[in-house]
Number of protein chains: 2
Amino acid sequence: MEQHMNLNETHDSDLKSWVESANAPECPFPIQNLPFGVFSIEHLQQPHVGVAIGDYILDLTLIEQAGLLSLENKVFDQSKLNPFMALGKAAWSRVRRDVSNLLNIDNAVLRDDESLRSRVLVAQSEATMHLPFEVMEYTDFYASREHATNVGCMFRDPENALMPNWLHIPIGYNGRASTVVVSGTDIRRPVGQLKAPDAKAPIFAPSRKLDIELEIGAVVGYGNEMGSAITTSQANDMIFGYVLLNDWSARDVQVWEYQPLGPFQAKVFASTISPWVVTQEALEPFRVSGPTQDPEPLEYLQQNQAQNFDIKLSVELLPQDAQQSTVISNTNFKGMYWSCAQQLTHHASSGCAMRTGDLLGSGTISGPTPDSCGSMLEMTWNGRDPITLADGSERTFIEDNDTLILSGYSQTATYRVGFGQAVGKILPSKSN
Amino acid sequence: MEQHMNLNETHDSDLKSWVESANAPECPFPIQNLPFGVFSIEHLQQPHVGVAIGDYILDLTLIEQAGLLSLENKVFDQSKLNPFMALGKAAWSRVRRDVSNLLNIDNAVLRDDESLRSRVLVAQSEATMHLPFEVMEYTDFYASREHATNVGCMFRDPENALMPNWLHIPIGYNGRASTVVVSGTDIRRPVGQLKAPDAKAPIFAPSRKLDIELEIGAVVGYGNEMGSAITTSQANDMIFGYVLLNDWSARDVQVWEYQPLGPFQAKVFASTISPWVVTQEALEPFRVSGPTQDPEPLEYLQQNQAQNFDIKLSVELLPQDAQQSTVISNTNFKGMYWSCAQQLTHHASSGCAMRTGDLLGSGTISGPTPDSCGSMLEMTWNGRDPITLADGSERTFIEDNDTLILSGYSQTATYRVGFGQAVGKILPSKSN
């Protein structure tokens, strides 16, 4: 059956689901999205894999047990997406089509089987979301020209803000996977070495310049062999999907520690991702070309198709007792200079083995104006220009008990492909 | 029984084994060492955990199956050391004592049971060694003052070679775990972006400055919770053991890419470790104080016991058709400015979660003279002063088909605790 189905049918604007909440105009999880996550509810012995649909989650672990998927082997019985991601693009498409069919308003299999439906459809409000995949390794890139220029101005030389290598290399560095956590996990304010410019020696104290980094994380579905490079086209195929990513950063720790080997304790204490992995296939309608790359990239980095994605992004800050959050930034992923495919290609270029579950942060996503920046460092120009919140309070960096909320979605004329949110609340440092 | 045994008895100089080759004066694996590894031989369905003794390996997976260990649960049936390492220090000591007893010349249990002995004792010459543990994450430090000074002189400013932060922070950065390989694995020369100082743009080509970094890797036995710091004393207890580590480096890639976020493709293509993890307990007799730290470290980094180890190290280079290798460096681990315990403490200081199987590279181990340096970059002063090999050929950096051999051991008056070797041969780049 699936051989005859057009791939693009899963994107069709006219598709509707029998899950009614999925058909609402601004619903982040319509039948055209179908992001994957891992959830638990009270009676489950272990977390299950699910797909978001409207206000519900379709329990794929049970759907697979019920024999309703066309994969040959079970991959949704291990409380993480890695076994499924390792199968590759054809399997990803096949499951997407299976799920799209099952949820289609015209398909009676689940729609009219109340007993089965009540078991496999779970209200999101009753579910606890978990890390959707085992993060094998985490690499963070630096692909926004605006962000790299801003940081270069503040930390180094405004006259030569962009390093000479930046226009040639998708600059990145290895991050820490053990502290990648799912949205909703509270984050402890880090302690670290701080040194004021005029101080003789550093002190060890809670960071005073705790910041966000608004990023998109590309999730590697399957890897390459050590010693073998990949093309940008192969890299594109290896990306299973994308998440929102907040790469929390302690700017005062960073500025003192980062030379010559790069950021370390300033970044390793926590990174928050959204619970739903939006598949690359769901984002195909939003594929756009990025900025013109001049100078032309070296041959191994050249692209034969558009590799950016039009994803609207925002950051909100919610103080402890505030009635409402304040939107402090609106930006878009489409303006990134280096694409995720180029970053992945570069990552493997030396012969580095990539693996199922590797997470590649795009780098902070900043536009040209302060209110389109992806870090408070940039929004406030390192604290010089405080932000005023809806409750009248001001912020230069994050204060204790502030909650930071990243959101994102892509939009056609008729439907939205939402990422949901990546939320984190900052708890006071333990040494306070 | 074990409650009455003195811990130090496993270090006793008078201990002898019924495995005769273990009693030879310069044997790296006497009964006082007992390092752990993972090996396979032809008839085994999967790799087993073993302990090196003389020219043999004691098969711990079978010893455990035979009920000869005092641990309550099976941990040696998974072809990696991680389950055992996660048990912590008391279990490590208990198994060390069990094995020491079983191999003791006066113990008849194995010695006189020819049938069992022939099954559990495997000649090292017949075994293939595997990665001894699953490397969760790999972090590389920079703890030799001589090395940091040399690199600072060459890459930056000779007048200010040591960065201002270096004497305060055990500087480190996240590395790549997916390309940590066991000794004997051939390494493909990496390709990367190279830019001559006077060139207008970079090229993409095989590295011309391929180098070693002679390091010791500390293997983390068990971790800490995210958000919780540890003391240097706790860090010491968390270290299961040590391996030799060659952190292969492409110096020409490094110098072009490393600013501002640190080394990336220059380092991620391969790191080679020795197959035997020498336990910290076996190294206790070789614990020494490191250099005086001035300025005094911040309180969280202060140590209440000696935290360095006296380990003699050497590097040999063996060209493709040469009759013999040439020793190109002799140095010692004891001179490192920052200890592994301080590095681990700093790693967790921001709240970073450490995990069983984390590998912490010490940083390149260099002494004060060219022939005690741990990198060819330093030995040849970035290619200025070539090394002459035994066959009359010269080297500035590594050539294709060269084999590099790291060796190390600690020595008392009567016995040696050897690390064996970390060996890697460089194959030509694929694009050649």
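Keep in mind that the numbers below use all heavy atoms, side chains included, and drop hydrogens, waters and symmetry copies. By convention in this document, chain letters (A, B, ...) are assigned in the order of the sequence lines, proteins followed by strands, and residues within each chain are numbered from 1.
In this structure, the separation between CD1 on B:Ile212 and CG on B:Asp402 is 11.0 Å, given to the nearest 0.5 Å. For the atom pair OG1 (A:Thr345) and CG (A:Leu301), the distance works out to 7.0 Å, reported to the nearest 0.5 Å. Atom-to-atom distance recorded for A:Glu215:CD and A:Ser375:OG is 10.0 Å, nearest 0.5 angstrom. Atom CG of B:Leu261 is separated from atom OH of A:Tyr258 by 9.0 Å, given to the nearest 0.5 angstrom.
Contact annotation for A:Asp358: only side-chain heavy atoms (C-beta onward) come within less than 4.5 Å of a heavy atom of chain B. Neither the backbone nor the side chain of B:Phe155 comes within contact range of chain A, judged by heavy atoms closer than 4.5 Å. Contacts of B:Phe204 with chain A are made by both backbone and side-chain atoms, with heavy-atom separations under 4.5 Å. Residue contact with chain A, scored on non-hydrogen atoms closer than 4.5 Å, involves the backbone and the side chain of B:Ala270 alike. Neither the backbone nor the side chain of B:Pro295 comes within contact range of chain A, judged by heavy atoms closer than 4.5 Å. Residue contact with chain A, scored on non-hydrogen atoms closer than 4.5 Å, involves the side chain of B:Leu298 exclusively. With a threshold of 4.5 angstrom between heavy atoms, B:Val181 approaches chain A through side-chain atoms but not through N, CA, C or O. Only the side chain of A:Tyr142 comes within contact range of chain B, judged by heavy atoms closer than 4.5 Å. Interface remark: B:Gln193 contributes side-chain atoms only to the contact with chain A (heavy atom separation under 4.5 Å). Within the 4.5 angstrom heavy-atom criterion, no atom of B:Ser207 approaches chain A. Interface remark: A:Ala148 contributes no atoms to any contact with chain B (heavy atom separation under 4.5 Å). Proximity to chain A is limited to the backbone of B:Ile203, based on heavy atoms less than 4.5 angstrom apart.
Residue with the most contacts toward chain B among A:Lys267, A:Arg188, A:Met354: A:Met354 (heavy-atom pairs, distance under 4.5 Å). Between chain B and the residues A:Gln259, A:Glu299, A:Arg176, the largest count of heavy-atom pairs under 4.5 Å involves A:Arg176. Between chain B and the options A:Ala250, A:Gly152, A:Pro164, A:Ala229, the largest number of non-hydrogen pairs under 4.5 Å is found for A:Pro164. Most heavy-atom pairs under 4.5 Å with chain B: of the set A:Gly227, A:Pro202, A:Gly351, A:Pro263, this distinction falls to A:Pro202. The greatest number of non-hydrogen atom pairs below 4.5 Å with chain B, out of A:Glu257, A:Arg156, A:Arg355, A:His347, is found for A:His347. With respect to chain A, the highest number of heavy-atom pairs below 4.5 Å among B:His346, B:Met136, B:His168, B:Met163 belongs to B:His168. When the candidates A:Pro260, A:Gly192, A:Pro190, A:Ala348 are compared by the number of heavy-atom contacts under 4.5 Å with chain B, A:Pro260 comes out ahead.
Side chain to side chain, A:Asn82 and A:Glu134 fail the donor-acceptor criterion of an N or O pair below 3.5 Å. No hydrogens or angles considered: a donor-acceptor pair under 3.5 Å links the side chains of A:Asp247 and A:Ser271. Checking A:Asn165 against B:Lys195 by side-chain atom types alone, no donor-acceptor pair falls below 3.5 Å. Residues B:Tyr173 and A:Asn174 have side chains that never bring a donor and an acceptor to within less than 3.5 angstrom of each other. For the 3.5 Å distance criterion, the side chains of A:Gln293 and A:Gln303 fail to qualify, holding no donor opposite an acceptor. In this model, no donor atom of one side chain and acceptor atom of the other lie less than 3.5 Å apart for A:Glu146 and A:Ser366. With 3.5 Å as the limit, one finds no donor-acceptor pair spanning the side chains of B:Gln343 and B:Trp338. For the residue pair B:Glu378 and B:His147, a side-chain donor N or O sits within less than 3.5 Å of a side-chain acceptor on the partner.
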